[in-house]
Asker: 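Quick one: structure below, then a few questions.
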Amino acid sequence: MGTMVEGSMTNSIVPDVAGAPRRRYLNVGLLTCLSVVGIISLLIDGPAFFRGHPAHSLIIPGGDVAEQVWFLAWLPHALLHGLNPFLSQQLFAGSGGVNLMVNTSVFAPALFLAPITLLGGPTLAFNVGVVLTPVVAAWPTYVLARRFTQSITLATFAVLLFVFSPYVLSNLAFGHFHQTVSFFPPVVALLGMDLVTKKRSARRIGVLGALAVIAQYFTGSELLAMTAVEVGIGLLVVAVLRPRLLIEVWRRAAIALLWTAGISAVVLAYPLWMEFFGPRHTTGSPWGGPFTFGGPLSGFVSSPIGLGHGDRITALTHVLDSRGVPLSFLGWGMVLSIIVFTIWLRKDRRVLALSSAAVISALLSLGISIRLTTNSNDLSSWAPWRLIYHLPIFEQLIPSRFIQMVTLPAVLVCLLGWERLRLVIASTERKSLLAVLVGAVAVVLVPQVLAAPVPFPSSPTQIGSAWFARYGANAPPNSRVLIFPYIDSGFGPGSAPMTWQATSNFSYAIVGGYVLVPTTGSTASAWRVNPTGSEGALQSLMTSFAVKKLTPAQRAGIAQAVIDRKVTTVVLMPIIGNNNLAEAELTAALGLRPRITSNGWLIWRRLQQVHPLSLPNKVIEDCAIPGPSKFPRDVVSCVLKAAGVQAKSSGSPTKPVH
C-alpha cells in the first residue's frame, strides 16, 4: 500500500488516497472530528455559557459584536414582518436607511440561526453561532483532509489548525462571521478535485458549486472574492506544473462553470443589483488608503501582543518586533515545516502546487509594500497587490485577510508531510520513528495554541441598557432615537445601542448606525469621505472617548437634523471624557431642558420646539467648566439661564428620573 500511495502522489496533482472515504461523509472519523471541534469551541466561548447566561452575555456589547448581533436579529424580523430584508430603515432613520447588501449582513448564518433568534433572542443566537462557526468549517475541511491522508488523527489535527488558526479566533472574538464561517475554500477545493477525478458529473458539480457560491455570498462576499482569486492562482500553478491537465478537463470545467454561473445569476440577480446599484449603495473602497497595507513579514512568525502567549517566544529571542502585527501568524514551526516538506517531497506535484499557492497568497497579503515589521521602513515600496488594489472589487478587499488563503494550503502541505512520515513508519515498521511524527505535528501545533486569543471574554449585555429596555418595551409607533455618542463607528462601546435595539425587537428606529452608508451627496463611503451638512454635524459633537467644541453652524445642523429626520427622542450617554461640555453643547443645540436619569443620562423628548440657542462659545464653555459639585442639572441650567430660557422641560420636571 505504501508504494501504491507514494506512486500516486507523484503522478497527479489531485489523486485519491487509498482507503480515504468516498461516499461516506457521516462516518466515525468525521463525527469524532466535529465533536472535538465543538467541545473546544464551547470552551473558547465558555465564559458566556458558564460564567453568565448565553442569552444575556456577549464578548463585548459594542464594537463589531453589536453590528453582528443586529444583523442576526434583522433578517428574521424582516421576514416575519414582510419587510425588504436588503434595505432597512431601522438604522439611519430619516436619511434613507441602510443597504444591507453593501454590508457584511451575514444573511446565511442569520437564516440558519433564526429559530434560536426567535426563541431565545439575538444574543443567544450570536453565542451559539460563535460555537458552531468552527464546526461548520470543520466538516468540509475534514472531508478535504481525508483526500490527503488515511489517518483520522492527522486529518483532525489539520482541521484544528485551519478552523482555530489565530486569524480565525481573533476575528471570531469580534463576531466576524463573514471571515470565520470559512466552509467555502475547502468546498471549492473538493469540487475542483471531483471535477478532475470525474467522481461527479459536471452538471452536479456546477449545481453544488452554485449552492456554495450562494451560501458564501450571503455569508460574506469578501471571502467569496478572495477564494475566486485563489482559484485563479491555482489555475496558474496547474498551468505551470501540469498544463495537460487543463486541456483534459476544460470541457467539463466549462459545463460546471455554466451551471454555477447560471443558477447563481438567477438567485443573486436582485441582491447584486441592490449591492452595486440599489438605494444607498456605495462605490470604491469602504475604508480608503490605510487598508492597502497588509501585514509585515514578521507577522508570519511573530504573534501579536494580546493573543495568548505567542508573543513571549519572540520576546525571548529579541529578534522581531511584534507590536501591532496584523493577524497573519503561522508560526516558525509551520513555516519551517512547509520549507522542509516542500524540499523533501519536491517530486509530489500536490506539495509543489500547494506551496506555490501559499507563497503567492502570502505575497498578496503583504499589501502594496513589503515591510519587515509594522513600524519599520519598507524593504520594498512595491508588492504584487499594487498591481490590482485600485481595480473594481479588489479595492474593497483588505489584503492582510489573504492570510486565510495562505493557511489552508499551508496546513495541507504539513498534512502531506505528516502522511508521508506515517507511511514510512508503516512500511518500515520502525516504531522509533513515531516520535519524529509526533514532533513534526507538535512543532506546528504548539505555536498555534500559544498564539490563540482564548478564552473569549464575556460581559452582560444589560450594562447601561436599562433605559433602552424600558423604552423599547413602551416605545410609541414610529419612534426614532438619536443617540450621543453618535453611532457611526465600532470603536469602544458606542455601537452598543444597536445590540439593545435588536434585543428590543426593533420597536424603535435609530438615527445613525455602525454600518456602511454613502457620504453626503455621493456614493463614496462615509467612512472614507467625511459627511457634511446635518450628518456631519451629528458626527462632530463627540466620540466614545472625547467631546469637541461646536460652532454655531454645527449646533444649527444638529437641530435641523432632529427636525428633518423626525426624531422623537434624543439620548446623551456619559463617556469617559468631558461630559459637561457634551451636556452644554447639546442643550445649546436643542434649546430644551432634558430629563436627567439617576445615572446621569440626559433624555430629550417633545422635540417639536427644538431651536438652537444664540450663545457665544465662551458662555457654553464656561458652563461646562468642571466643578467639585457640578452635576448635569447645573450645566443644563447654566446654559438655559444664559440664554434666558425658562425652566421648562422637554419632557417632565428636572428632578432625576429612573
Side-chain angles (χ1 to χ4, degrees), residues 165-168 170-171 176 179 182 185 220-241 284-304 307 314 319-332 334-336 338-339 342 352-411 413 451 525 527-528:
S165 69
Y167 174 86
V168 168
S170 300
N171 276 278
H176 292 170
Q179 282 296 314
S182 48
S221 56
E222 184 178 27
L223 186 56
L224 175 63
M226 290 193 299
T227 305
V229 174
E230 197 69 10
V231 170
I233 293 173
L235 292 174
L236 177 63
V237 171
V238 172
V240 173
L241 295 179
S285 170
W287 311 278
F291 286 98
T292 58
F293 294 95
L297 293 173
S298 62
F300 295 120
V301 293
S302 175
S303 176
L307 301 187
T314 296
V319 175
L320 295 174
D321 176 14
S322 63
R323 291 175 297 174
V325 174
L327 308 178
S328 54
F329 181 76
L330 299 175
W332 280 110
M334 182 177 291
V335 172
L336 293 177
I338 292 171
I339 296 173
T342 301
L352 294 179
L354 291 168
S355 297
S356 300
V359 169
I360 295 173
S361 299
L363 289 174
L364 292 178
S365 75
L366 298 177
I368 63 174
S369 63
I370 300 176
R371 295 164 293 150
L372 178 61
T373 66
T374 302
N375 300 317
S376 67
N377 294 327
D378 292 345
L379 296 177
S380 171
S381 60
W382 187 92
W385 190 252
R386 190 175 289 276
L387 292 172
I388 56 177
Y389 79 94
H390 59 284
L391 299 176
I393 304 299
F394 291 96
E395 62 186 355
Q396 300 188 33
L397 304 180
I398 298 177
S400 60
R401 289 180 175 174
F402 269 92
I403 188 62
Q404 199 166 12
M405 300 295 103
V406 178
T407 303
L408 183 59
V411 167
V413 169
S525 164
W527 293 339
R528 181 161 57 97

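Below, each value reflects all heavy atoms present in this structure, side chains not excepted, and no hydrogens, waters or symmetry copies.
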Asker: Indicate the atoms forming the closest heavy-atom contact of S285 with S525, along with that distance.
Answerer: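 Nearest pair, atom of S285 first, then S525: O-CB, 3.9 Å.
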
Asker: Is the shortest heavy-atom distance from the side chain of I388 to the side chain of V229 under 4.5 Å?
Answerer: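 Heavy-atom side-chain distance check fails, nothing below 4.5 Å.
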
Asker: Looking at I398, is its backbone amide N or carbonyl O close enough to the side chain of E222 to form a donor-acceptor pair, meaning the two atoms are under 3.5 Å apart?
Answerer: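 Confirmed, E222 side chain pairs with I398 backbone.
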
Asker: Can you check whether S369's main-chain N or O pairs, donor with acceptor, with S381's side chain at less than 3.5 Å?
Answerer: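 No: the side chain of S381 does not pair with the backbone of S369.
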
Asker: Could you walk me through whether I368 and Y389 pass side-chain contact (heavy atoms from CB on, under 4.5 Å), step by step?
Answerer: CA-CA 8 Å; I368 63 174; Y389 79 94; 3.8 Å; yes

Asker: In Å and rounded to the nearest 0.5 Å, what is the OG to CZ distance from S298 to F329?
Answerer: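 It is 11.5 Å, given to the nearest 0.5 Å.
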
Asker: Nearest 0.5 Å, what's the OG1-CG distance between T373 and L379?
Answerer: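 T373 atom OG1 to L379 atom CG measures 8.5 Å (nearest 0.5 Å).
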
Asker: So how far is it from S380 OG to R386 CZ, rounded to the nearest 0.5 Å?
Answerer: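 The CZ atom of R386 is 8.5 Å from OG of S380, to the nearest 0.5 Å.
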
Asker: At what distance, to the nearest 0.5 angstrom, does CD1 of I393 lie from OG of S221?
Answerer: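 The CD1 atom of I393 sits 8.0 Å away from the OG atom of S221.
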
Asker: Against L366, only a single residue in W385, F300, F402 fulfils side-chain contact (heavy atoms from CB on, under 4.5 Å); can you say which?
Answerer: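 When W385, F300, F402 are each tested with L366, the side-chain contact (heavy atoms from CB on, under 4.5 Å) holds only for F300.
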
Asker: Taking the side chain as every heavy atom from C-beta outward, state whether L364 and I233 have any atom pair closer than 4.5 Å.
Answerer: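 When only atoms from C-beta onward are counted, I233 and L364 do touch, with a gap below 4.5 Å.
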
Asker: I need the minimum non-hydrogen distance between L223 and S182, along with the two atoms involved.
Answerer: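 Of all heavy-atom pairs spanning L223 and S182, the closest is CD2-CA, 4.0 Å.
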
Asker: For P296 versus S328, what's the shortest heavy-atom pair and its separation?
Answerer: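 The answer is O-OG, 4.5 Å.
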
Asker: For the residue pair V411 and M334, establish whether any side-chain heavy-atom pair is separated by less than 4.5 Å.
Answerer: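 V411 reaches M334 side chain to side chain.
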
Asker: Any salt bridge (Lys or Arg N to Asp or Glu O under 4.0 Å) pairs touching residues 226-237, not counting sequence neighbours?
Answerer: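 Sorted result for residues 226-237: empty, none.
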
Asker: I need the minimum non-hydrogen distance between G367 and A383, along with the two atoms involved.
Answerer: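 Taking G367 first and A383 second, the nearest heavy atoms are O-CB, 3.1 Å.
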
Asker: Taking atom CD1 of I370 and atom CG of L372, what is their separation to the nearest 0.5 Å?
Answerer: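 Going from the CD1 atom of I370 to the CG atom of L372 covers 11.0 Å.
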
Asker: What's the separation between atom CE in M226 and atom CD in Q404, rounded to the nearest 0.5 Å?
Answerer: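 One gets 5.5 Å once the value is rounded to the nearest 0.5 Å.
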
Asker: If you compare all heavy atoms of P409 against all heavy atoms of L354, which two are closest, and at what distance to 0.1 Å?
Answerer: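 It is CB-O, 3.5 Å.
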
Asker: For S365 versus I403, what's the shortest heavy-atom pair and its separation?
Answerer: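 So the minimum-distance heavy-atom pair works out to CB-N, 4.1 Å.
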
Asker: Given T342 and S355, is the side chain to side chain donor-acceptor pair (under 3.5 Å) satisfied, shown in steps?
Answerer: CA-CA 7 Å; T342 301; S355 297; 2.7 Å; yes

